[in-house]
Every structure is written in structure tokens, then in C-alpha cells.
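Everything numeric here is computed off the predicted structure, so don't read it as measured data. Counting begins at 1 with the first residue of the sequence.
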Amino acid sequence: MPIRAITYVSEACPAISGCDAGKGAELLDRVVDDAARFNRDAGVSGVLLFDGCRFLQYMEGPEDGLRVAYSRVIGASSHGELIELQRGRVGQRRVPFWPMRWLPVEPQLLSRLAGSDWTGFKQRGGSGALNATAMDILVALVEPHAQVA
């Protein structure tokens, strides 16, 4: 069964990005826990990066499960101003270890990742290389957390 992926950026809603970081993180945990429960049944895996104001999410899975999971994302009130960066077929899962998890990132890293080359979800082999793709950067960022559930 072919695996497909979608990645996007969006702006967090004020309840998540607001001044009270504790309540925002608690709400984000609930949103991600709900997504993880749904994604597990749909065969979807992914990661949500959050810089305090913006999200970048990468999701992958079978076409039917991904389509339904992404429709939930589009309708979610936890964010707005969604911009899809790429969608398409991938040769293999890049984040098979989580149905969904969020990771905090610095704003500069989220900006670099959002502006990198997502074409075909290709990897060239290194996040530090001048020609690093978005997948190179994402995989390097996520892999250190892979063993932590």
C-alpha cells in the first residue's frame, strides 16, 4: 500500500499561543492526544512542530486515512491561516514511531524548515549540507526524540 504525506504551516489560535504558556501547552497536549488516538486507527503517523506561535506539521499514511486525518486538521479550531507546503507519495515512513506528537522548536528553525525544499519529500542525506532538503532537516530534528514515547 503506497504511503502518502502532507505538510503544512499554520498560525496557532490565541488560546494556544497566548500569554499563559501553561494553559496553552495543556490545550495543545489535549489536541495532540485526540489526533494521536484518531491517527492510530487511521494508520497515520506524524509530528507537529510548534514555535510558540506557529505550527508545522508533517503527516504520513495510507491515502484514505491521511485524507480523513487532514480533513480534521483543516476543520480544527486550534489554528488558522493554514498553508499547505507539499503533498504526495513517499517511499517510506519517516516518523513511524508516533501516531502524533508535538515538539517545541525555535522560531528560526521552523522558518528554515517551512522555507526549505519539500519537493517530492526527497532526502539528500544531511541537515547541515548547503543543499539540505526539508526532509533532511525534519528527520535530523525528529530522530533524537524517536525513542522517547
Side-chain angles (χ1 to χ4, degrees), residues 2-123 127 132-146 148-149:
I3 299 297
R4 303 193 57 82
I6 297 174
T7 191
Y8 70 87
V9 292
S10 63
E11 299 289 326
C13 72
I16 292 175
S17 66
C19 296
D20 187 345
K23 285 189 178 185
E26 184 178 303
L27 176 58
L28 183 54
D29 284 340
R30 286 196 312 265
V31 167
V32 171
D33 288 347
D34 179 59
R37 279 190 297 278
F38 179 86
N39 289 355
R40 191 173 289 110
D41 292 338
V44 173
S45 55
V47 63
L48 179 70
L49 306 178
F50 181 52
D51 73 359
C53 296
R54 299 172 300 157
F55 296 116
L56 186 147
Q57 184 170 11
Y58 171 82
M59 307 168 63
E60 60 191 10
E63 186 169 359
D64 56 345
L66 189 62
R67 184 180 332 106
V68 176
Y70 191 54
S71 70
R72 288 171 44 97
V73 166
I74 290 170
S77 61
S78 54
H79 66 140
E81 302 193 34
L82 185 145
I83 299 170
E84 190 174 299
L85 300 173
Q86 180 71 351
R87 77 167 54 211
R89 190 171 174 174
V90 293
Q92 65 184 27
R93 287 188 187 255
R94 304 292 182 20
V95 290
F97 23 84
W98 305 314
M100 187 52 60
R101 178 168 176 192
W102 78 271
L103 298 173
V105 295
E106 293 296 319
Q108 299 85 348
L109 181 55
L110 194 136
S111 292
R112 177 180 177 214
L113 191 54
S116 293
D117 183 6
W118 286 98
T119 307
F121 297 106
K122 300 282 188 220
Q123 280 184 265
S127 64
T133 66
M135 286 309 301
D136 291 327
I137 298 165
L138 181 67
V139 168
L141 175 68
V142 168
E143 280 184 343
H145 302 278
V148 180

**Q** Under a 4.0 Å N-O cut-off, is there an ion pair linking Lys122 with Asp136?
**A** no
**Q** How many angstroms lie between atom CG of Asp51 and atom CG of Leu109, to the nearest 0.5 angstrom?
**A**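 Between Asp51 CG and Leu109 CG, I get 9.5 Å after rounding to 0.5 Å.
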**Q** Between Asp33 and Arg30, is there a salt bridge with N-O shorter than 4.0 Å?
**A**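 Salt bridge absent between Arg30 and Asp33.
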**Q** State whether the side chain of Thr133 and the backbone N or O of Asp117 hold a donor-acceptor pair below 3.5 Å, judged by distance alone.
**A**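 Not confirmed, Thr133 side chain does not pair with Asp117 backbone.
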**Q** So, Trp102 and Asp29: side-chain donor and acceptor under 3.5 Å apart, yes or no?
**A** yes
**Q** Give the intermediate values and the outcome of side-chain contact (heavy atoms from CB on, under 4.5 Å) for residues Met100 and Arg37.
**A** CA-CA 8 Å; Met100 187 52 60; Arg37 279 190 297 278; over 6 Å; no
**Q** Apply the test side-chain contact (heavy atoms from CB on, under 4.5 Å) to residues Leu56 and Leu85: give CA-CA distance (whole Å), side-chain angles for both, the deciding distance (0.1 Å), then the verdict.
**A** CA-CA 9 Å; Leu56 186 147; Leu85 300 173; 4.1 Å; yes
**Q** For the residue pair Ile16 and Phe55, establish whether any side-chain heavy-atom pair is separated by less than 4.5 Å.
**A** yes
**Q** Quick check: does any side chain N or O of His79 sit under 3.5 Å from a backbone N or O of Val73, one acting as donor and the other as acceptor?
**A**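 Confirmed, His79 side chain pairs with Val73 backbone.
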**Q** Side-chain donor-acceptor pair under 3.5 Å between Tyr8 and Glu84, yes or no?
**A**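 Judged by distance alone, the side chains do not pair up.
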**Q** To the nearest 0.5 angstrom, please state how far the OG atom of Ser10 sits from the CD atom of Gln57.
**A** 8.0 Å
**Q** Could you check whether atom CZ of Arg89 has more than 12 heavy atoms from other residues, nucleotides or ligands sitting under 6.0 Å from it?
**A** no
**Q** Compare all side-chain heavy atoms of Phe50 with those of Leu110 and state whether any distance is below 4.5 angstrom.
**A**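 A side-chain contact under 4.5 Å is absent here.
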**Q** side-chain contact (heavy atoms from CB on, under 4.5 Å) for Ile137 and Arg112? Distances and angles first, verdict last.
**A** CA-CA 9 Å; Ile137 298 165; Arg112 177 180 177 214; 3.6 Å; yes
**Q** Compare all side-chain heavy atoms of Leu48 with those of Tyr58 and state whether any distance is below 4.5 angstrom.
**A** no
**Q** Check step by step if side-chain contact (heavy atoms from CB on, under 4.5 Å) holds for Met59 and Leu66.
**A** CA-CA 7 Å; Met59 307 168 63; Leu66 189 62; 3.7 Å; yes
**Q** Grab the two heavy atoms, one from Ile3 and one from Pro62, that are nearest each other, plus how far apart they are.
**A** CD1-N, 4.3 Å
**Q** Within 45 degrees of the ring normal and closer than 6.0 Å to the centroid, is that where the cationic atom of Arg94 sits relative to Phe121?
**A**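 No, a cation-pi geometry is absent between Arg94 and Phe121.
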**Q** Any donor-acceptor pair under 3.5 Å linking the side chain of Glu60 with the backbone of Val95?
**A**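 Checked: pair present.
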**Q** State whether a side-chain donor-acceptor pair under 3.5 Å links Arg93 with Ser45.
**A** yes
**Q** Please report the closest heavy-atom contact between Asn39 and Pro99, naming both atoms and the distance.
**A** ND2-O, 3.0 Å
**Q** Considering the options Thr7, Val32, Leu103, which one meets the side-chain contact (heavy atoms from CB on, under 4.5 Å) requirement together with Val47?
**A**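 Testing each of Thr7, Val32, Leu103 against Val47, the sole residue satisfying side-chain contact (heavy atoms from CB on, under 4.5 Å) is Leu103.
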**Q** Can you find a pair of side-chain heavy atoms, one from Leu113 and one from Leu138, that are under 4.5 Å apart?
**A**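 Yes, close enough: below the 4.5 Å cut-off.
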**Q** If only side-chain N and O atoms count, and only distance matters, is there a donor-acceptor pair under 3.5 Å linking Ser111 with Arg54?
**A**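 Side-chain D/A pair, Arg54 to Ser111: present.
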**Q** Given side chains that start at C-beta, do those of His145 and Trp98 come closer than 4.5 Å, heavy atoms only?
**A** yes
**Q** Once you round to the nearest 0.5 Å, how far does CD of Glu63 lie from CZ of Arg4?
**A**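 Those atoms lie 5.0 Å apart.
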